[in-house]
Amino acid sequence: MRYFDYIQPENIKQASESAGRDWRKALLYAGGTDLLGLIKNEVESPAALINLKAIPGLNGIEYSEREGLTIGALVKLSQLSAHEVVREKYSVLEQALKETASPQLRNMGTIGGNLCQRPRCWYFRGDFHCLRKGGDICYAVDGENKYHCVIGGGPCFIVHPSDPAVALLTLDAGVTIASAKGTKRVALKDFFVLPEDDIYRENILQPGEIVTHIHVPPVSEKTVSGYIKFRERGAWDFAVVSVAATLRINGDTIIDGKAAFGGVAPKPWQEEKINQKLKGLSVKPGNFESLSAEVLKEAEPLNQNAFKLPLVRNLLKRLLVQLTAS
Amino acid sequence: MKKKSVSSSLSRRQFLKGFGSGVAGSVALNKIASALPLQKTLEKAANDANRTPLNLSVNGKTYRLSVEPNRTLAEVIREDLQLTGTKVVCNHGECGACTVLLDGEAVYSCHILALDAEGKSVTTIEGLLGGEELHPLQKAFVKKDGIQCGFCTPGQIMAAQALLLKNPRPAKEDVLEGMSGNLCRCGAYPKIIESVLEAAKTD
Ligand SMILES: Cc1cc2nc3c(=O)[nH]c(=O)nc-3n(C[C@H](O)[C@H](O)[C@H](O)COP(=O)(O)OP(=O)(O)OC[C@H]3O[C@@H](n4cnc5c(N)ncnc54)[C@H](O)[C@@H]3O)c2cc1C
Ligand code: SF4
Ligand code: FES
Ligand code: FES
């Protein structure tokens, strides 16, 4: 690995100030599971890493009936999935976390870092000076694009790699972003950006901005939720596609619900139309079939990845049947 | 013998490694005899400025080191402490060969900076031995033939150790899940799983 300075700020203000204004000079460093890979491959070559782990107040998980969950950005993935409240009330998040990476990586990687991880496009990770790295061509368009996006792409066609983000979208999660200037709270759905808005970044963070907390509103007693991830091997693997759903059910009716999809778009994907249709839907396999057929209607697959469409639709149908079975 | 503190001998070795680029460089410097000490002092100062002190606790011993921030835990364990039982295969957080315990939890030592182990306790495969006596997991791997070429084995055993610390009586599914971060190029998986289950029985 190339040399970098290692800066250990004691609070957010210091961290934000040392992170400065230029991604090339300094990068925030949490568990390092994504960042060290990028540095080893020389995709990123920061002059300094700003270690966030010594900053107090970012390591806890709190729960209250009114506020729901407040998760410090530096909480490890394994710590979060083992938390009693997460296991009891937020199945979709627990399942997504347990499907993320490997046991070792879950002991090392943080939830904040997971939401901010860079894409896995093999051209991006490899020796290709593509659009996202400041070049003038996307190699995926005419290249190996089986795992690229089917919707929301152009001129870059990455998929967002995070599993937990997909689960968190269905839970209406939000994040607190802090900088030397102050803090703001943003809905997770507004946190991620498409390539057409910013070809170089996957989220709205500017240099010096730090995710400090993730907020998950409380869920009612009648809420059920789950996550299905399709991957190609038994060991760790990023999602080929994934589906999350959180539903509030009363008798035979879904009072309201949210679905979200991973592995299909440059950001964790939701469709307002689908969420609207879930509202008031009565629990019948036929209804799930027709609803699922509506998903990703505007998709424009690349030449190798049209298989993702039936896969996602079938997984949504299966998940809805499973969640409403009892 | 392992030394309690290796900091002084280490900095010299590291320094010699980084100093001059081979014989030619040192010969050239030798000609100007008076320049040598100054050159040495300057190089050493530059080198030290890039280092950060690190108290590293490995297998119950504390080492006072001084390391460059860009060195991984695996590099420091293997090169500086000479504990070469920990293997590095992918160096990318993908295979598990370099698994060690950090405060009792399995991590990939190739994908974590040595500085991040400050204040934590590291256990490597060497730390499982009780003198000359094999650890129950090591015995189980021998008994159940959980080893082919053996290169992934230290990592497999450390992952298994982390699993058994948390869950001393795992079901087969727990073992499959707990060992899913460790690849084996020889494909010895069925026997690796059997070995871990055997150790759980005898532990
Ligand atoms: C082999 C492998 C398999 C994987 N499989 C999966 C998978 O199946 N599903 C999945 O979801 N993920 C997967 N991952 C990704 C993994 O989950 C992430 O690397 C991890 O969660 C990142 O967390 P970290 O703390 O290590 O982040 P770091 O590597 O420290 O940081 C990642 C990025 O986020 C930025 N960052 C970190 N923290 C903050 C913060 N608080 N505020 C702002 N920016 C921040 C950093 O600057 C950096 O750019 C895999 C990774 C590997 C190496
Ligand atoms: S999909 Fe995006 S990251 Fe991948 S090659 Fe194209 S521009 Fe680069
Ligand atoms: S060598 Fe560390 S995970 Fe492969
Ligand atoms: S025994 Fe050869 S790699 Fe596992």
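Chain identifiers are assigned alphabetically (A, B, ...) following the order of the sequence lines, protein sequences preceding nucleic acid strands; residue numbering begins at 1 within each chain.
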**Q.** Residue A:E10 excluded, over 12 heavy atoms near CD under 6.0 Å
**A.** no
Here the gap from B:M158 atom CE to A:Q104 atom CD, rounded to the nearest 0.5 Å, amounts to 11.0 Å
Show, in sequence, the C-alpha distance, side-chain angles and deciding distance for B:D116 and A:Y6, and conclude whether the side-chain hydrogen bond (donor to acceptor under 3.5 Å, both in side chains) test is met.
CA-CA 11 Å; B:D116 289 334; A:Y6 194 71; 2.5 Å; yes
Here the gap from B:E94 atom CD to A:S102 atom OG, rounded to the nearest 0.5 Å, amounts to 10.0 Å
So CG of B:L113 and CZ of A:F4: to nearest 0.5 Å the spacing works out to 4.5 Å
Does CZ belonging to A:R120 count more than 12 external heavy atoms closer than 6.0 Å?
-> yes
One should read off an interatomic distance between A:D5 CG and B:E68 CD, to the nearest 0.5 angstrom, of 12.0 Å
### Task
Look at atom CZ of A:R125 and say whether more than 12 heavy atoms of other residues, nucleotides or ligands are closer to it than 6.0 Å.
yes
Greatest number of non-hydrogen atom pairs under 4.5 angstrom with chain A, of B:G96, B:S180, B:A159, B:A162, falls to B:S180
For A:K13, I'd like to know if atom NZ has over 12 heavy atoms of other residues, nucleotides or ligands within 6.0 Å. no
Honestly, the part of B:I112 sitting under 4.5 Å from a heavy atom of chain A is both
Chain B shares the most heavy-atom pairs under 4.5 Å, among A:R2, A:K40, A:Q8, A:K53, with A:K40
The reported gap from NE2 in B:H92 to OG1 in A:T33 (rounded to nearest 0.5 angstrom) is 11.5 Å
To the nearest 0.5 Å, atom OH of B:Y108 lies from atom CG of A:N107 at 10.0 Å
The interface call for A:L49 against chain B, heavy-atom contacts under 4.5 Å, is side chain
| field | Pair B:E177 + A:R106: basic N to acidic O under 4.0 Å | value | yes
